[in-house]
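Counting starts at 1 for both ligands and their atoms, following the listed order.
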Amino acid sequence: MNLKNIKTKLLFWYTITIFLILSIFASILFYMVYNQNIKTVDAKLIAVANDINHDLEDRYERDFIKGFDEGEEFLIKNLYVSIYEEKNNKYNKIATNNDNLNTYKFQTFDKSKLQLFTLGSDSQKQIRVVRLYSNKSKVNLYVEISTTLYDKIHNSLNNLKIILFILVPCILVLSIIMGFLIIRSSMIPVKKVIDEVKSIDVNDLDKRIASNNSNDEIEELIITFNEMLNRLDDSVSKIKRFSNDVSHELRTPLTVLRGEMELGLRKDRTVSEYRRIMSTSLEETKQLQELVDSLLFLSNSNAIEIQEQFESLDIDEILVDIITESACLTKEKSIAIEFVSFENVKVIGHVYLVKILISNIIQNSIKYSNKDSQILISLDNDILKIKDFGIGIKKEDISHIFDRFYRVDEARSRGGYGLGLSIVKNIADVHSFKIDVKSNYKEYTEFTVSFK
Ligand code: ADP
């Protein structure tokens with residue numbers, strides 16, 4: 001038997017408990033019936049003893065006892081009567097209807113109380129005795145009435161034994177069957193939960209275990225599992241988001257870094273040229289580090305934790321930095337960046353995250369612009385507008401471009417993963433910035449960021 005299985009374990013202990021309860025119940029019942037029967041016999045023997053004692057009051061004759069008929073009178077089979085006389089601490093049987101019975105050898109005489117005792121250990125030969133000191137007579141007399149127990153008690157006890165021997169196993173078997181059915185049915189929901197949990201793997205952590213609305217421990221277990229799945233889902237999404245965002249965001253800085261290195265190796269350079277290339281690469285590497293740290297921070301922190309690191313920022317300065325860093329990309333497509341307006345705009349935000357937000361919009365503008373076109377930037381009244389002239393976005397796509405992994409048209413999408421704008425949206429939400437897009441398909445696209 002496999003006691004590791006909770007069903008078997010429960011059934012095993014349940015069976016033992018039922019068996020013990022039934023055994024105790026049968027023993028108590030047996031003992032009570034036995035006692036009750038003894039009391040009935042005793043009552044009859046005492047009645048006979050009192051009757052004879054009463055007769056002894058008037059006369060004392062040595063052969064008084066001859067020809068006893070009390071057995072018939074009291075309807076008791078095998079009734080034995082003996083009278084003992086006490087003289088100088090010696091007890092002589094002076095009258096009896098059974099010469100073979102010598103009870104005085106086994107039990108001392110006691111004047112002060114009515115004596116009741118059973119003689120013999122063999123249940124078939126046991127004798128129940130009542131001994132009474134007779135104070136009615138002129139001499140010290142004891143009346144002793146006894147009878148065989150087997151025919152009066154053990155017969156009915158044997159019947160009880162037979163009934164119990166049949167009844168107890170029947171009840172036991174029935175209880176085990178009932179117990180098995182109850183345990184099995186109460187384990188069905190547990191098995192269901194196990195199967196459902198087993199079917200959930202890391203790719204479908206959005207699945208939840210259906211509640212059975214039972215308001216019991218099973219429902220509590222389901223709720224606990226679902227809460228754990230929520231946390232797991234949240235953590236795994238964060239990890240996935242982070243790894244996707246990192247790979248997306250690293251593309252541009254790595255391209256710039258690679259361009260710088262290739263430029264340096266194209267021909268022999270002077271020491272000062274190498275120094276410039278190395279310091280630009282170092283600057284780019286530092287930014288890569290900041291980028292990874294910021295994305296990790298964005299995916300691992302809640303809005304409040306991010307807001308705790310807010311500071312006063314000059315958007316105009318950040319904008320100039322981004323445009324400078326993108327110089328090699330704009331150069332490649334001969335794109336001219338022009339400022340329609342340029343004011344000092346101060347906002348409260350997270351420096352690296354705001355930089356990622358603006359940089360992503362500008363890089364998309366460069367990416368999706370036509371060659372030899374312009375990008376118009378205006379920065380005033382806490383509003384930044386970036387307008388490019390390129391492939392544009394169809395009306396029906398505009399509402400989706402901020403979704404993760406959404407790309408308008410794979411053929412048109414220039415090597416992106418559809419992540420840049422979802423990161424932009426995420427950062428804007430944390431800062432409560434508003435982002436708006438206007439576009440005419442194949443004409444222009446304009447992104448507007450309202451900082452207040
Ligand atoms: P990707 O990394 O693919 O560029 P984004 O989330 O940055 O992903 O952009 C989502 C989609 O929105 C892009 O696939 C592109 O089709 C469209 N899009 C974004 N910016 C522009 C833009 N300036 N001009 C035209 N289409 C754009």
(request) With heavy atoms under 4.0 Å as the rule, classify the contact between I393 and ligand 1 as side chain, backbone, both or neither. (result) side chain

(message) Counting C-beta onward and ignoring hydrogens, is there a side-chain heavy-atom pair between V130 and L114 closer than 4.5 Å?
(response) yes

(request) Sequence neighbours left out, what pairs pass salt bridge (charged side-chain N to carboxylate O under 4.0 Å, His left out) with at least one residue falling in residues 223-233? (result) R208-D233

(request) Specify whether F389 and Y444 have parallel, tilted or perpendicular ring planes, treating 30° as the upper limit for parallel and 60° as the lower limit for perpendicular. (result) tilted

(request) Within a distance under 4.0 Å of any heavy atom of K367, pick out the atoms of ligand 1 and give their elements. (result) 1 (P), 2 (O), 4 (O)

(request) Report yes if the side chains of I28 and M32 come closer than 4.5 Å at any heavy-atom pair, otherwise no. (result) yes

(message) Below 3.5 Å, N or O to N or O, backbone or side chain included: is there any such pair between I391 and ligand 1?
(response) no

(message) Taking distance alone, with N or O pairs closer than 3.5 Å, would you say N364 contacts ligand 1?
(response) yes

(message) In the structure I gave you, are the side-chain heavy atoms of S439 and K394 within less than 4.5 Å of one another anywhere?
(response) no

(request) With atom 23 (N) of ligand 1 as the reference point, say which of D403, D388, I423 has the nearest heavy atom. (result) D388

(message) Is it the case that ligand 1 has an N or O less than 3.5 angstrom from some N or O of G420?
(response) yes

